[in-house]
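Single-structure report; data block below.
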Amino acid sequence: MGRTRLCSRKKRDRKTEDDENGFGGWGGYMAAKRAKLLDQFHTGGIEKVSNIFEGVAIHVNGLTKPPIQELKNLMAAHGGVFHMYQVSSTTHIIASNLPNVKIKHLGTVPIVKPSWITESISFGKLLDYRRYLLYTNQSSTQPRIDFPILEKPLATKADNASASCSKATKDNEISENIEENLVNTDCVSSVSADSTVLEQKSRAPTKTAADPNFLEEFYNNSRLHLISTLGAEFKQLVGQMREKSNGKFPGKENLIFTKGKYTNHILMNSVVMHIDMDCFFVSVGLRNHPELRGKPVAITHARSGQISNRPDRKINRELEFALYSERLPEGAISRIDAIDANASMSEIASCSYEARKYGIKNGMFLGQAAKLCPELKTLPYDFEGYKEVSNTLYKTIASYTLDIEAVSCDEMYVDVTQILKETGLTVEDWASHIRNEIMTVTGCLCSTGFGANRLQARLATRKAKPAGQYYLQADDVEMYMAEIPLADLPGVGRATLAKLRNLGLNTCGDVQVASLKVIQSEIGQKAGETLKEQSRGLDRRPLNFHHERKSVSAEVNYGIRFKTLDECHNFLQSLSNEVYSRLNDIGMRARCLTLKLLVRAADAPIETAKFLGHGVCDSLTKSTTSNVIINDPQIIYKETKSLYDKINPVFSDLRGIGIQLSKLEKIAPINTTLSNFCGRHDQAN
DNA sequence: ATCCTCCCCTAC
DNA sequence: TAAGGTAGGGGAGGAT
Ligand SMILES: Nc1ccn([C@H]2C[C@H](O)[C@@H](COP(=O)(O)OP(=O)(O)OP(=O)(O)O)O2)c(=O)n1
Ligand SMILES: [Mg+2]
Ligand SMILES: [Mg+2]
């Protein structure tokens with residue numbers, strides 16, 4: 001009712017813009033935008049222009065001209081397949097020159113010069129590769145070396161401890177299959193290296209949010225921004241693929257054909273798979289650094305565990321840290337205990353399992369990690385690599401089923417009931433197959449967990465990691481759960497954990513027998529109920545294949561330092577533009593706007609411990625719900641500014657700013673009575 | 001009761 | 001030096 005009125009009203013209010021864009025034009029634009037996302041997904045961002053290499057699967061060995069990346073793009077553009085490793089389905093090896101010793105090992109697959117590819121493209125058709133053989137005397141009787149099969153026997157309750165040992169062996173096998181020409185030690189650093197030696201050049205002036213291109217620069221370097229936006233994209237993508245699906249699943253068909261078994265599954269309970277890349281960012285980085293396999297490695301911006309000895313000014317961190325500790329939730333774990341005056345506060349995005357043995361964790365400050373493990377090596381970020389591997393991961397799973405709930409760029413839930421039924425495979429065989437395939441096409445390891453619901457699948461993955469698989473079967477659930485530490489449950493973070501510990505609860509077994517009322521009084525009604533169920537392995541939430549966005553936001557809590565009010569206003573304008581652009585991208589409008597500010601806490605020092613960080617802050621929000629639909633950057637700015645003035649902070653104390661839009665409505669919902677009404681109404685005007 | 005606003009918490 | 005984002009669930013407490 002109210003919606004209808006608002007809908008027609010907003011069309012009139014925005015008439016000028018609608019005339020410019022055109023209602024049909026909008027639909028067309030959004031359709032094109034969606035098509036582009038799908039298309040980029042299918043080709044990994046490369047537009048497909050021909051099918052010259054249909055049926056061809058290359059593996060590049062050694063240095064080539066054009067280089068490997070180029071060849072990979074060419075294959076994508078011309079209908080071929082690129083293999084990171086040589087596997088049984090690899091049809092050609094591309095190489096410019098190879099030592100004799102190596103040729104012996106490559107077996108029966110033809111070794112072809114890269115010019116075969118480039119010239120085939122020039123001619124517009126697939127040329128006979130035999131005219132491009134690198135050597136003509138290849139033996140046809142050499143045994144072929146396939147990629148090592150990733151079979152880790154399904155872990156049982158007893159052999160959990162052996163997991164990491166068998167993994168080390170596998171890593172060694174893997175590194176032998178990686179080309180040494182890709183080794184690039186330039187960007188590898190040891191955390192114990194002296195940063196003053198590494199960095200002699202004079203410092204550029206500090207870039208803060210007051211600088212004109214700050215927002216772009218920041219987003220280009222923010223891993224959290226990257227994983228957030230990638231995650232949202234994959235949720236959207238699953239929906240789009242389901243809408244567009246022709247019901248064919250080539251991966252599944254192929255699997256039925258090659259490994260399918262006839263099995264009488266009279267009555268099969270549904271099986272949920274959870275799949276998650278192992279130390280995702282590290283895995284991607286290691287593809288080009290085989291020499292670091294098996295070593296403790298972390299992905300960070302900083303290269304050394306110590307900050308330079310002569311920063312322009314020595315900052316006293318003690319005051320801030322004291323305040324931080326004071327404000328920690330009672331009993332929660334501190335992040336700064338090992339951070340002294342010179343320890344780096346650059347965050348570790350991902351660390352290898354070898355690093356985890358030292359107690360290093362994702363999200364830990366590098367300075368603390370370096371103390372735990374002085375041999376720790378760091379690698380820089382490779383955002384393009386993460387995007388590529390994520391795309392390949394989703395593309396691979398989507399060739400079997402679209403019953404996918406995207407969780408993040410390296411993780412999803414999949415209903416595999418149908419796949420198991422149609423292929424007749426056991427859970428174990430399916431798991432080995434899909435893990436092997438993902439390793440083959442991405443060069444990265446992943447782990448999978450299976451269970452009757454998402455919680456069981458999620459916990460099974462935890463047990464499976466790294467490079468493993470585990471099926472938590474119905475009969476085992478009760479016993480299995482009793483031993484699980486509460487910290488392993490999704491939804492139990494540091495604050496909840498501290499509260500539960502204060503109640504003397506540490507494992508799911510403890511919660512199973514504890515009083516619901518007592519738990520609820522500590523952590524809340526709903527959370528208590530959920531926790532009770534989780535502790536017995538129950539989870540009633542079904543997988544959600546369709547995702548509907550409820551809010552859109554943009555926030556920056558780094559580099560916020562304003563010397564004038566003008567600088568602040570300019571940044572609010574930039575952020576308004578940014579959040580508008582995101583709203584526009586998903587074809588929505590909003591009725592509610594929330595401004596969130598981080599303001600330096602009263603006793604917190606002006607200079608933060610972390611370079612350009614936010615330090616200890618108070619968080620303040622204010623929101624407006626208006627009848628006027630928010631669909632214009634100037635409206636967003638005007639509302640933002642007005643909320644800002646209501647909060648009225650000291651602008652020089654600002655340390656973080658965010659704008660969130662909620663109460664969203666679709667601009668042009670298709671195939672609904674409402675949209676038909678709006679559309680006709682709009683055109684009639 | 002139910003809704004709204006301003007939080008807090010969690011997961012990647 | 002360093003790039004501490006983003007979306008969703010949910011609770012407290014006041015307004016309706
Ligand atoms: N605090 C964090 C947590 C995660 N990530 C990024 C880097 C991770 O590689 C990626 C995936 O997160 P996961 O929780 O899946 O962690 P990993 O894949 O690194 O390790 P695991 O093997 O435990 O899944 O997200 C991050 O930047 N900062
Ligand atoms: Mg992972
Ligand atoms: Mg993950």
Side-chain angles (χ1 to χ4, degrees), chain A residues 195 199 203-204 206-209 214-232 234-235 276-277 280-281 300-304 306-313 315 329 332 335 342-347 349-350 362-363 365-367 381 406-412 458 489-499 520 523-530 541 547-560 579 582 592 594-596 598 607-615 617-625 655-656 658-663:
Chain A
S195 54
E199 197 188 344
R203 244 161 251 279
T206 299
K207 278 270 189 295
T208 71
F214 175 81
L215 207 50
E216 192 188 347
E217 172 97 350
F218 173 68
Y219 284 142
N220 282 339
N221 289 287
S222 165
R223 95 226 191 243
L224 291 174
H225 172 73
L226 181 86
I227 64 175
S228 293
T229 49
L230 278 182
F234 284 118
K235 284 174 194 191
D276 187 302
M277 303 304 293
F280 181 43
F281 286 11
T300 59
H301 281 295
R303 305 268 62 86
S304 161
Q306 300 275 109
I307 56 176
S308 165
N309 265 334
R310 49 153 298 279
D312 301 342
R313 214 169 340 167
I315 287 146
R335 303 182 68 204
N342 284 319
S344 165
M345 292 186 75
S346 175
E347 274 183 43
S350 178
N362 289 359
F365 291 135
L366 182 62
Y381 289 89
V407 176
S408 75
C409 62
D410 89 324
E411 185 178 345
M412 68 189 95
R458 178 78 189 75
L489 292 177
V492 177
R494 60 173 197 168
T496 310
L497 195 65
K499 288 176 186 166
Q520 283 178 320
I523 69 172
Q525 184 119 21
K526 211 62 177 250
E529 221 162 274
T530 314
R541 295 163 308 161
H547 181 68
E548 229 177 65
R549 265 271 266 266
K550 294 177 181 163
S551 69
V552 176
S553 66
E555 67 187 280
V556 177
N557 299 313
Y558 178 85
I560 302 295
V579 77
R582 294 183 196 180
C592 180
T594 307
L595 176 69
K596 170 169 172 268
L598 291 190
E607 301 269 18
T608 56
K610 180 173 180 147
F611 178 64
L612 293 185
H614 55 60
C617 287
D618 297 318
S619 167
L620 306 168
T621 70
K622 210 140 197 81
S623 61
T624 62
T625 299
R655 294 292 180 265
I659 301 173
Q660 181 186 67
L661 303 177
S662 53
K663 298 184 184 162

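Naming: A, B, ... by sequence-line order, numbering from 1 per chain. What you see below is based on every heavy atom in this structure, not just the backbone, and it leaves out hydrogens, waters and symmetry mates.
A:Thr530 places a side-chain N or O within donor-acceptor distance of the main-chain N or O of A:Lys526, the cut-off being under 3.5 Å. Checking side-chain atoms of A:His301 against main-chain N and O of A:Asn221 turns up a donor-acceptor pair under 3.5 Å. At least one donor-acceptor pair under 3.5 Å links the side chain of A:Lys610 to the backbone N or O of A:Met345. Side-chain N or O atoms of A:Arg549 include none that pairs as donor or acceptor with a backbone N or O of A:Ala232 at under 3.5 Å.
Between A:Glu347 atom CD and C:dT1 atom C1' there is a gap of 14 Å when expressed in whole angstrom units. Going from atom CG of A:Asn557 over to atom P of C:dG5 covers 4 Å, rounded to whole Å. In this entry the distance linking CD of A:Glu555 with C1' of C:dG4 reads 10 Å, nearest Å. We find that CD of A:Glu217 is positioned 13 Å from P of C:dG4, with the value rounded to whole Å. Going from atom CG of A:Leu595 over to atom P of C:dT6 covers 15 Å, rounded to whole Å. In this structure, NE2 of A:His225 is placed 17 Å from C1' of C:dA2, rounded to the nearest angstrom. Between A:Asp618 atom CG and C:dG4 atom P the separation is 22 Å, expressed in whole Å. If you take CZ of A:Phe611 and P of C:dA2, they are 8 Å apart, rounded to a whole angstrom.
In this structure, CD1 on A:Ile315 lies 11.0 Å from CG on A:Asn342, to the nearest 0.5 angstrom.
Put simply, A:Ser553 has a side-chain N or O that comes within less than 4.0 Å of OP1 or OP2 on C:dA7. Using a 4.0 Å cut-off, some side-chain N or O of A:Lys610 falls inside it from OP1 or OP2 of C:dA3. At the phosphate of C:dT6, neither OP1 nor OP2 sits under 4.0 Å from any side-chain N or O atom of A:Thr229. Contact check, A:His301 against C:dT1: no side-chain N or O comes under 4.0 Å of OP1 or OP2. At the phosphate of C:dG4, neither OP1 nor OP2 sits under 4.0 Å from any side-chain N or O atom of A:Tyr219.
The residue A:Phe365 sits close to a base: some heavy atom pair falls under 4.0 Å. Among the heavy atoms of the strands lying under 4.0 Å from A:Arg582 are primed sugar atoms or P, OP1, OP2 only; no base atom is included. Base contact: A:Tyr558 has a heavy atom under 4.0 Å from a base atom. Residue A:Ala554 is in sugar-phosphate contact alone, with no base atom involved, counting any heavy-atom pair closer than 4.0 Å across all strands shown. Within 4.0 Å (heavy atoms only), A:Gly615 reaches at least one base atom of the nucleic acid.
Terminal axes of the helix from B:dA1-C:dT16 to B:dC12-C:dG5 (five pairs each, C1' rotation axis) are separated by 10°, to the nearest 10°.
For the pair A:Lys663 and A:Thr625, the tightest heavy-atom approach, listed with the atom from each and the gap, is NZ-OG1, 3.0 Å. In terms of heavy-atom proximity, A:Tyr558 sits nearest to A:Phe214 at O-CZ, 3.2 Å. When all heavy atoms of A:Leu598 and A:Ser619 are compared, the closest pair comes out as CD2-CB, 3.8 Å. Shown here for A:Val579 and A:Ile659, the closest heavy-atom pair between the two residues is CG2-O, 3.8 Å. Nearest heavy atoms, A:Val552 versus A:Arg582: CG1-CB, 3.7 Å.
Contact of the A:Phe281 side chain with the A:Asp410 side chain is not registered, since no non-hydrogen atoms from C-beta on lie closer than 4.5 Å. Considering only heavy atoms from C-beta on, A:Phe280 stays 4.5 Å or farther from A:Ser408 through its side chain.
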Original post:
Quick one: what's the B/S/- string for nucleotides 3-12 of chain B, heavy-atom cutoff under 4.0 Å, read 5' to 3'?
Top reply: --SSS-SSSS
**OP:** Summarise how protein sits on nucleotides 8-16 of chain C as a single string, 5' to 3': B when a protein heavy atom is under 4.0 Å from the base, S for sugar-phosphate-only contact, - for no contact.
**Re:** SSSS-----
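Salt bridge status for A:Glu217 with A:Lys207: absent, with no side-chain N to carboxylate O gap under 4.0 Å.
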